[in-house]
Amino acid sequence: MTHAQQDPTGRLRHLLSLQDLPAESLLMLLDRAQAYCAPAGHPAPRNTRLAGRTVANLFFEPSTRTRASFELAARRLGAEVLNLDISLSSATKGESVLDTLDTLLAMGVDAFVVRHADDGLHAMLADFLDTRAALINAGEGASHHPTQGLLDALTIRQHKPAFEPLTVTIAGDIRHSRVAHSAVHALSALGVGELRLASPTAVLADNNLPGKHFTDLDQAVQDADVIMMLRIQKERMAAEQVPDTTQYLEHFGLTPARLARAKPDAIVMHPGPMNRGVEIADSVADGPQSVIRQQVANGVAVRMAVLEALLADQK
Ligand code: CP
């Protein structure tokens, strides 16, 4: 994977995955993103570093946060933005994703932001584009969501000065979560001390994922510094795997009682969209330990950093 997204000098050509991305590349992107975070009460940073460049958003799966933040990020860097409405595109007439990219490439697109349900598609698209345009993975099946992993790491770093002493619990439907996979890749590379992966028995996480695996959420959150809750990804589950959502909060949701087991200064994260009252109680999602809105804000800064690294640094 690395060969497709970094050139031999280590410079990013595409962003496909956080797996195998060295800590120094992750930290470069986090530092760059931090510089794009506006202090409270200040207007969002803007510049013209991507003036004359064109970014195309191709979302073959629904999105609110990722799509909106990529559009804002590109505009705040002065780029032209094309949001292709897939439901009205020639994809509905059977045009392949490769042909769609090739068509837009002929119109002068410099970067493609692509979300798609097929695992493995993005690497193939990046190989096809090679050096002609950048490919940014905005969500790939159940496997990768690299800009989400970056914004999660950035949010943690804004609250906890060092990764090494931290205990981070990721909980929920890890098996079907590209968010969880990218977070694990980023947090492992950044040296988090203890990574706990808690999943219900109906959807056990892949045992090969690095971390301590739990099926009991009470144990998994004990003395944690960071708790990241995940949505049940019904759209990627067989019917028999879908848990009873009326019972889920009691058995595997983050309630105030469970949160009280974590460290008093623990932060609560969720990538969104949230199923309130299922994986997370309303009072926890909106409570003083929640950093969920900060994650959303950081999404714009991270995507500015990624677009700049891929386009402004490599004309
Ligand atoms: N976290 C995330 O990817 O949200 P969206 O599906 O709204 O983009």
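Here, residue 1 is the first one in the sequence, and each next residue gets the next number. Every number for a ligand or one of its atoms is a count from 1 in the order of the listing.
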Ion pair present between E71 and R67, side-chain N to carboxylate O less than 4.0 angstrom? no
When you measure from atom 6 (O) of ligand 1 to every protein heavy atom, which one gives the shortest distance, and what is it? R115 NH1, 2.9 Å
Would you call R53 and D110 a salt bridge, taking side-chain N to carboxylate O under 4.0 Å as the test? yes
Is a side-chain donor-acceptor pair under 3.5 Å present for D265 with Q289? no
Applying ring-ring contact (aromatic ring centres under 6.0 Å, His included) as the test, list every pair that has at least one member in residues 236-270; sequence neighbours left out. none
Distance to 0.1 Å, residue and atom name: give those for the protein heavy atom nearest to atom 1 (N) of ligand 1. P271 O, 2.9 Å
Under 4.0 Å from a heavy atom of T66: which atoms of ligand 1 are those, numbered in the order shown and with their elements? 2 (C), 3 (O), 4 (O), 5 (P), 8 (O)
Under the side chain to side chain donor-acceptor pair (under 3.5 Å) definition, can you give me all pairs with a residue in residues 176-192, not counting sequence neighbours? E61-R178, D173-H176
For I174, run the side-chain contact (heavy atoms from CB on, under 4.5 Å) check against V179, L197, V203 and tell me which one passes. L197
For atom 4 (O) of ligand 1, what's the nearest protein heavy atom and its distance? R65 NE, 3.1 Å
Against heavy atoms of T64, which atoms of ligand 1 measure under 4.0 Å? 5 (P), 7 (O), 8 (O)
Numbering the atoms of ligand 1 from 1, which are under 4.0 Å from a heavy atom of G272? 1 (N), 2 (C), 4 (O)
Could you check which of R178, H145, R67 puts a non-hydrogen atom nearest to atom 3 (O) of ligand 1? H145
